[in-house]
Amino acid sequence: MRTSWADSVDNSASENAATAASDSSGLTRPTRSTYVLPHLRNRQPPSTDPPDRLHSVPSSANGRVGFGGPTTGLCWPGGSRPDLGRAAHNGSGGGRGRSGWSTRNGGWDRGREHEANPFVDDDNAEQAISEQENTGINFEAYDDIPVETSGDTVPPPVNTFAEIDLGDALNQNIRRCKYVKPTPVQRYSIPISLAGRDLMACAQTGSGKTAAFCFPIISGIMREQYVQRPRGARTAYPLALILSPTRELSRQIHDEAKKFSYQTGVKVVVTYGGAPINQQWRELERGVDILVATPGRLVDLLERARISLQMIRYLALDEADRMLDMGFEPQIRKIVEQMDMPPQGVRQTMLFSATFPKEIQRLASDFLSNYIFLAVGRVGSSTDLIVQRVEFVHEYDKRSHLMDLIHAQKESGMRGKQSLTLVFVETKKGADSLEHWLYVNGFPATTIHGDRTQQEREKALRSFKSGKTPILVATDVAARGLDIPHVAHVVNFDLPNDIDDYVHRIGRTGRAGKTGLATAFFNEGNSSLARPLADLMQEANQEVPAWLIRYASRTRTSHGGGGGSGRNRRSWGGRFGGRDFRRENSFNRAMDYHGGAKGSGGYGFSGGYGPGVTSAWD
DNA sequence: AAAAAAG
């Protein structure tokens with residue numbers, strides 16, 4: 001049985017009580033002194049704000065003290081593994097010159113001690129907030145998770161990181177990240193990727209997808225020590241490309257990848273729009289193995305020949321279904337098919353998302369070669385950890401209703417700043433206007449959307465993460481992938497039109513095995529979402545209001561009971577549910593999953609490794 | 001129809 005949201009907030013509050021008790025900056029205190037109205041924000045000087053300083057304060061802790069590094073001074077990565085590449089550059093061993101993995105910085109990174117320690121933030125700021133945080137994933141929530149694989153000769157999953165030959169350096173970083181054992185998606189996808197196979201992976205929000213595609217890439221690059229890259233004075237030749245749909249997500253992936261690749265010699269660079277391109281050029285000139293990027297800026301750099309993709313061995317698309325939807329597909333096609341990237345089959349391609357509609361899968365198969373399809377958990381969301389509520393709220397009542405929710409949340413045990421509320425709205429204008437209204441009413445809120453400058457966007461995100469403004473009003477720019485600890489409540493102030501967007505939005509809470517609450521405001525304008533929403537909630541064992549079910553049956557489409565056609569089809573399917581309600585449509589949903597796309601190619605289910613249809617989640 | 005992504 002489910003604990004109530006208030007309970008879970010109470011629990012986490014008491015978990016944190018020891019360390020957070022002295023924190024007096026409550027939710028209720030609007031930070032008016034630093035608040036700037038939206039229309040005045042462009043005049044802000046490029047100042048560093050407190051959250052940033054918070055992270056950089058302990059300069060004395062910079063360097064190698066944070067993770068107990070000195071104890072490992074004698075076992076540099078690869079010290080006992082000559083095949084692990086760059087270790088040879090360390091100290092006096094580096095006599096290979098340009099035959100190493102990165103011709104551009106072969107001589108530069110000998111002094112690895114100059115590589116900033118990406119773990120200092122964790123050790124100082126994050127741990128102070130919550131000891132629990134970095135021990136991360138609540139693995140009990142992942143026990144007996146259903147898994148399905150299909151494709152030729154699927155490599156078996158592993159149960160521990162130790163079973164995987166990732167290399168000493170990477171293993172050490174995994175320990176520094178305090179990852180104790182792999183999440184389900186990692187257990188399955190890492191062996192697949194290490195075997196060199198292309199992969200299309202669906203896994204719940206917050207289940208560790210980033211590491212799942214980063215580890216094999218980093219490990220693979222470390223092995224390719226003799227990769228000879230062309231020498232172009234101004235052109236960078238990355239070996240791996242990771243694409244994501246928003247700038248903030250690209251940044252987040254970059255920051256994660258930096259941790260994973262610390263002291264491996266593998267260089268990670270991020271590039272995205274809205275930020276000065278010169279700085280990014282300089283970074284690229286210093287050498288890049290893994291490039292993380294948003295599509296627009298990458299195309300720009302490709303057209304200026306600052307980047308060549310001809311050495312790409314690994315291509316990963318995060319939020320792959322978004323990357324291939326109408327808005328992005330032409331750009332992705334250009335990058336993948338019309339520039340100088342090696343074709344599928346030559347490079348290794350990995351697609352990851354929590355949702356994967358059938359029609360997008362069909363598109364995606366253009367980029368893949370003999371790929372393995374992997375579905376981990378109830379595809380669509382980590383729903384059991386998220387308590388979902390739907391309330392009927394008229395348009396004109398939404399604001400006061402939101403105010404009630406925030407007050408209720410405040411009273412139900414938010415003592416520190418670690419209980420954050422993320423409010424999704426449909427439009428950028430709506431975001432500004434709601435944020436302004438919240439401000440006027442004394443709520444410490446900020447907003448993130450595509451009409452704000454990149455500086456404003458990143459500042460808003462920092463301010464939210466730090467708890468300085470524990471309410472964030474966002475458009476769908478924040479719907480996918482962002483990993484924000486302590487988001488206790490996601491409010492769908494305006495529901496999206498696509499149920500997949502809903503899945504991603506609520507996935508901003510209930511991360512890494514923690515619980516969360518998601519509240520949606522539903523009214524006549526959302527009738528097209530009634531059925532898919534009711535179905536999703538029911539599948540996740542949520543309480544579905546009777547009025548929503550009535551709405552759902554009223555808006556049944558002529559295509560029949562499956563939720564209609566088009567964008568609101570059920571894309572996650574009920575393959576893992578054991579209940580009759582799901583079985584009824586299991587055939588249709590199986591078709592949804594696999595789209596019949598490779599019907600002649602022998603892509604049957606093999607599914608012999610997972611626990612099949614047994615699931616603690618049902 | 002909106003949002004995102006180049007400037």
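Numbers restart at 1 for each chain; the letters A, B, ... are given by sequence-line order, proteins then strands.
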Student: Output the single nucleotide from B:dA3, B:dA5, B:dA2 whose closest atom is nearest the side chain of A:E426.
Tutor: B:dA2
Student: Separation of A:M326 atom CE from B:dA5 atom P, in whole Å?
Tutor: 17 Å
Student: How close do A:T509 and A:H489 get, heavy atom to heavy atom, and via which atoms?
Tutor: OG1-N, 4.3 Å
Student: Between B:dA4 atom P and A:I332 atom CD1, what is the distance in whole Å?
Tutor: 17 Å
Student: Please report, rounded to the nearest Å, how far the C1' atom of B:dA5 is from the CD atom of A:E319.
Tutor: 15 Å
Student: Kindly point out which of B:dA1, B:dA2, B:dA5 is positioned nearest to the side chain of A:T294?
Tutor: B:dA5
Student: Quick one: which of B:dA1, B:dA2, B:dA5 gets closest to the side chain of A:T427?
Tutor: B:dA2
Student: Does the side chain of A:T475 get closer than 4.0 angstrom to OP1 or OP2 of B:dA4 through an N or O atom?
Tutor: yes
Student: Does A:R505 qualify as a cation-pi partner of A:Y502, given the criterion of NZ or CZ under 6.0 Å from the six-membered ring centre and within 45 degrees of its axis?
Tutor: no
Student: Listed by chain and number, what are the side chain to side chain contact (heavy atoms under 4.5 Å, CB included) partners of A:S250, not counting sequence neighbours?
Tutor: A:S244, A:V270, A:V292, A:T294
Student: Starting at CZ of A:R457 and ending at P of B:dA3, how long is that distance when rounded to a whole Å?
Tutor: 13 Å
Student: In whole angstrom, what separates A:H449's NE2 from B:dA5's P?
Tutor: 12 Å
Student: Between P on B:dA3 and OH on A:Y502, what's the gap in Å once rounded to a whole number?
Tutor: 21 Å
Student: Please determine whether a side-chain nitrogen or oxygen atom of A:R247 lies at a distance below 4.0 Å from atom OP1 or OP2 of B:dA5.
Tutor: yes
Student: Could you tell me whether A:G450 contacts a base, only the sugar-phosphate backbone, or nothing, with contacts defined as non-hydrogen atoms closer than 4.0 Å?
Tutor: sugar-phosphate
Student: Report the distance from atom CD1 of A:I448 to atom P of B:dA4, rounded to the nearest whole Å.
Tutor: 9 Å
Student: Answer yes or no: does a side-chain N or O of A:K429 lie under 4.0 Å from OP1 or OP2 of B:dA2?
Tutor: no
Student: Mind checking side chain to side chain contact (heavy atoms under 4.5 Å, CB included) for A:K334 and listing every partner two or more places apart, or none if nothing turns up?
Tutor: A:V299, A:E303, A:Q338, A:M339
Student: Please give, in whole Å, the distance from B:dA2 C1' to A:D451 CG?
Tutor: 11 Å
Student: Are A:T183 and A:S207 close enough that a side-chain donor and a side-chain acceptor fall under 3.5 Å?
Tutor: no
